[in-house]
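Right, one structure below, let's go through it.
Just so you know, these numbers come straight off a predicted model, no measurement behind them.
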There are 2 protein chains.
Amino acid sequence: MSARRARVLELAVLGLLYESPLHGYGLRKRLNSELGFFRAFSYGSLYPCLKRMLRRGHISQHPEETGFGRTRIVYRLTEAGHQHLHGMLDEVTPAACDDESFGVYFALFGHARSDLRLRILHGRRDRLLTRLKELRSRLAHTADDYLRELRRHGAESVEREIHWLDGLIAREQRLAALSPSQPGPLG
Amino acid sequence: MSARRARVLELAVLGLLYESPLHGYGLRKRLNSELGFFRAFSYGSLYPCLKRMLRRGHISQHPEETGFGRTRIVYRLTEAGHQHLHGMLDEVTPAACDDESFGVYFALFGHARSDLRLRILHGRRDRLLTRLKELRSRLAHTADDYLRELRRHGAESVEREIHWLDGLIAREQRLAALSPSQPGPLG
DNA sequence: GTTAGCATGTAAGGAGTTACATGATTTT
DNA sequence: AAAATCATGTAACTCCTTACATGCTAAC
């Protein structure tokens with residue numbers, strides 16, 4: 001139950017710091033260029049987020065000299081942070097597989113065990129299936145021609161994403177069958 | 001410049017009240033079942049929004065008896081509200097054509113003049129084109145296989161929506177050619 | 001020398017949510 | 001008699017943004 005509503009930003013920071021320690025400015029760059037979404041995070045949300053995570057003991061600070069007098073503050077995942085990330089990934093449910101969170105999860109795939117990847121793919125699939133049913137039932141009750149067309153196209157997009165996921169899931173299962181225990185530590 | 005950042009909720013309420021007067025509870029129902037998005041608005045956002053709109057003089061209140069002692073408050077668009085709605089539609093730019101706003105605009109199509117519909121369709125198309133370019137340039141710089149696949153699929157979806165819009169635009173232009181001045185008042 | 005990038009933050013505000021508070025009516 | 005639906009709101013909170021504040025370095 002408890003499980004603080006997964007903030008996308010925090011999850012993303014945990015994911016990035018899992019890969020390697022980084023300072024605020026660098027985190028923001030990677031956040032906005034490499035992570036799976038279109039959205040741009042600002043410093044006004046990033047730095048306070050880092051402070052919260054520090055307070056909770058999920059990350060630690062390490063001042064670092066950059067050659068001259070310039071100092072930057074490198075953040076590193078603590079053991080508690082690692083456990084928190086694992087905890088969040090353990091709790092991946094369809095409800096937590098909105099577009100943005102899914103993008104972040106996907107960005108972690110390279111470090112994830114096959115069973116985690118499958119759990120995420122299935123979670124996303126379930127969520128899309130629910131949305132598709134809803135869209136179809138709305139479509140059935142929509143008289144306006146324009147709205148019908150909008151929803152028809154929406155449903156088609158969702159169907160396509162489900163089909164795409166089916167392909168990924170099948171591939172993942174083939175891989176898992178070939179080599180049952182992968183080395184990836186996240187899962 | 002000015003143009004208060006178009007809040008989706010306010011635009012949606014203007015659109016619904018443009019069709020017909022309605023009370024808060026009824027607005028919320030239509031908001032969450034008929035409008036183009038998946039999101040559900042709560043009373044905690046709707047009622048304060050109605051108050052703001054009242055203060056600005058865009059809507060007016062009309063208590064109404066429902067048969068017994070029960071009274072409900074029906075809201076009606078004022079002349080200033082009509083003008084505000086027209087003003088917002090005049091300013092439709094690609095930047096204002098995010099997924100949600102586009103859904104609301106689309107819901108107004110039945111009341112819109114052909115040129116307004118075309119403006120909205122083109123605005124959305126421009127926005128998607130920008131997103132597509134961005135996605136492709138990211139794709140070109142993405143090494144990770146999983147992220148490549150995510151972006152490839154994302155780009156494909158955007159391409160499809162652009163293609164869908166092209167069809168709607170072509171149809172709209174044929175219609176406009178057949179009957180140059182439609183009766184719809186919004187535009 | 002000025003623009004762009006590096007680097008870290010704070011304050012105020014926006015736009016929504018959930019939970020609370022209340023009460024009547026209709027359906028099961 | 002319980003549950004769903006009708007009906008109107010408020011308070012506290014969340015998570016983010018923009019604008020502000022500061023200052024250094026690299027490139028053009």
Atom-pair distance (CE on Met53(B); P on dG9(D)), nearest Å: 15 Å
Single-linkage hydrophobic cluster Tyr47(A)~Leu77(A), side-chain heavy atoms < 4.5 angstrom: yes
Phosphate contact (dT8(C) OP1 or OP2) by Tyr47(A) side-chain N/O below 4.0 Å: yes
Length of the line joining Tyr43(B):OH and dC20(C):C1', which is rounded to integer Å: 15 Å
Distance test, side-chain N/O of Ser45(B) to OP1/OP2 of dA15(C), below 4.0 Å: no
Separation of dG9(C) P from Leu54(A) CG (nearest whole Å): 9 Å
Under-4.0 Å side-chain N/O to phosphate OP1/OP2 contact, Lys29(A) with dC6(C): yes
Separation of atom CD in Glu65(A) from atom P in dC6(C), rounded to whole Å: 19 Å
Charged N-O contact under 4.0 Å between Glu134(A) and Arg131(A): no
Any residue meeting side chain to side chain contact (heavy atoms under 4.5 Å, CB included) with Ser45(B), in chain and number order, not counting sequence neighbours: Leu9(B), Phe41(B), Ser42(B)
Base dC6(C) paired with Arg70(A) side chain (donor-acceptor, <3.5 Å): yes
Value in whole Å for how far the C1' atom of dG14(C) lies from CG of Leu9(B): 13 Å
Presence of Ser42(B) side-chain N/O under 4.0 Å of dT17(C) phosphate oxygens OP1/OP2: yes
Sugar-phosphate, base or nothing in reach of Arg52(A), heavy atoms under 4.0 Å: nothing
Any residue of residues 18-27 of chain B with a heavy atom less than 4.0 Å from an atom of DNA chain D: His23(B), Gly24(B), Tyr25(B)
Lys/Arg-Asp/Glu bridge criterion (N-O < 4.0 Å) met for Glu10(A), Arg56(A): yes
Nucleotide dC16(D), atom C1' - distance to CD of Glu10(A) in whole Å: 14 Å
Partner set under side chain to side chain contact (heavy atoms under 4.5 Å, CB included) for Asp144(A), not counting sequence neighbours: Tyr146(A), Leu147(A)
Single hit among Arg28(B), Arg72(B), Arg30(B) for side chain to side chain contact (heavy atoms under 4.5 Å, CB included) with Leu22(B): Arg30(B)
Atom pair distance, as rounded to whole Å: CZ in Arg72(A) and C1' in dG23(D): 17 Å
Residue-phosphate contact under 4.0 Å: Lys51(B) side-chain N/O, dT10(D) OP1/OP2: yes
Residue whose closest nucleotide on DNA chain D lies nearer the 5' end, Leu46(A) versus Gln61(B): Gln61(B)
From dT17(D), dG16(C), dT8(C), nucleotide with atom closest to Phe41(B) side chain: dG16(C)
Criterion ring-ring contact (aromatic ring centres under 6.0 Å, His included) on Phe109(B) and Tyr105(B), from CA distance to verdict: CA-CA 7 Å; Phe109(B) 266 31; Tyr105(B) 291 140; 8.5 Å; no
Between P of dA7(D) and CG of Leu31(B), the distance in whole Å: 16 Å
